[in-house]
Amino acid sequence: MLNVDLHCHSTISDGVLAPDLVAARAAANGVDVWALTDHDEVRGIPKARAAAIDLGMRFVTGLEISVTWAGRTIHIVGLNVDETNEDLLAGLVMTRSGRQRRAEDMAADLARVGIPNVYQGALKYVGNPDLISRSHFARYLVEIGVCENVSAVFKKYLTEGKPGFVPHRWATLAEAVGWIRRAGGVAVVAHPGRYDLSAIAFDAFFREFKVYGGAAIEVVTGSHTVAQYHEYTKVAKRYGFMASRGSDFHAPDEMLPDLGCLPPLAKELIPVWNDWLE
Ligand code: AMP
Ligand code: MN
Ligand code: MN
Ligand code: MN
């Protein structure tokens with residue numbers, strides 16, 4: 001069976017390895033079909049693709065777009081896109097544009113609770129000046145000993161209601177799915193188990209996603225528990241979505257699982273990669 005991993009990050013967004021090193025790690029872990037899906041960015045794709053081909057992996061062009069839906073942040077993965085599509089590129093420029101200001105506001109909020117200079121500190125971890133993210137803040141807060149690890153940071157800081165959280169408006173769901181589809185790609189709901197939505201809101205969300213042409217959800221992802229693999233297998237079947245598999249790898253030793261180290265999709269699911277691999 002093919003080892004397929006269609007979700008991970010490089011230094012072009014909030015991962016700690018450069019695109020070619022993420023490729024090398026995927027190959028070393030036995031991945032056969034691989035996508036790099038940086039947040040709101042495709043500029044890692046050329047190096048990732050070249051490295052993947054060198055290493056004998058099948059490469060899928062991908063990204064992960066930040067969306068605001070009903071006041072919540074939702075991530076939409078785009079797979080098999082043309083990363084040179086102008087609509088997509090313009091959309092990504094727009095989606096990234098608020099990050100700088102947001103980061104300054106986050107740092108100001110942390111300064112108010114007695115943690116100064118976090119903006120400058122976080123910048124040391126940023127690989128792409130257009131993509132400063134909460135992950136970079138989290139790594140710096142670990143460095144200065146405010147928290148033991150990155151997960152602990154997100155429990156105490158940077159999330160709704162906690163110091164360092166700044167509400168933000170990302171792309172709309174219609175925009176993100178539209179950009180992906182116009183670039184020839186498939187839109188996939190990233191880690192659905194992570195969103196704090198009621199059953200009714202989830203139903204509305206999945207229906208709306210489908211109306212815009214969204215076609216798949218992640219079922220087996222590093223963000224899901226085993227119970228959630230089963231839950232989202234049922235969801236995929238109920239709504240007629242294809243299913244994806246991806247680790248959401250960011251950094252060695254930061255969060256489990258590693259690239260390619262996930263269970264397979266249930267046999268009853270239609271893998272999102274079915275049509276691409278003859
Ligand atoms: P941003 O796009 O700046 O809002 O940052 C979002 C990123 O923060 C996600 O893609 C994750 O990499 C990271 N993140 C969010 N919540 C958590 C969490 N609870 N634990 C670890 N990382 C998280
Ligand atoms: Mn991330
Ligand atoms: Mn995500
Ligand atoms: Mn991700």
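Ligands are counted one by one from 1 in listed order, and the atoms in each one are counted from 1 as well.
Applying the side chain to side chain donor-acceptor pair (under 3.5 Å) test to Asn29 and every residue at least two apart in sequence or in another chain returns Asp258.
The minimum heavy-atom distance between Ala190 and Tyr195, with the atom names listed, is O-OH, 2.7 Å. Contact between Pro19 and Trp34 at its shortest, heavy atoms only, is O-CH2, 3.9 Å.
Within Asp14, the N/O/S atom positioned nearest the Mn ion (ligand 2) carries the name OD2.
Counting Ile, Leu, Val, Met, Phe, Trp and Tyr side chains that sit under 4.5 Å apart, directly or through other members, Ile115 shares a hydrophobic cluster with Met106, Leu110, Val113, Val118, Tyr119, Leu123, Tyr125, Val126, Ile132, Phe137, Tyr140, Leu141, Val142, Ile144, Val146, Val150, Val153, Phe154, Tyr157, Leu158, Val166.
Residue pairs that meet the ring pair (Phe, Tyr, Trp, His ring centres under 6.0 Å) test with at least one member in residues 64-111, sequence neighbours left out, are His39-His75, Trp69-Phe205, His75-His191.
Ring geometry for Phe206 against Tyr232 counts as perpendicular: the plane angle is over 60°, on a 0 to 90° scale with 30° as the lower cut.
For a distance threshold of 2.8 Å, the protein N, O or S atoms nearer than that to the Mn ion (ligand 4), listed by chain and number, are His7 NE2, His9 NE2, Glu64 OE1, Asp248 OD1.
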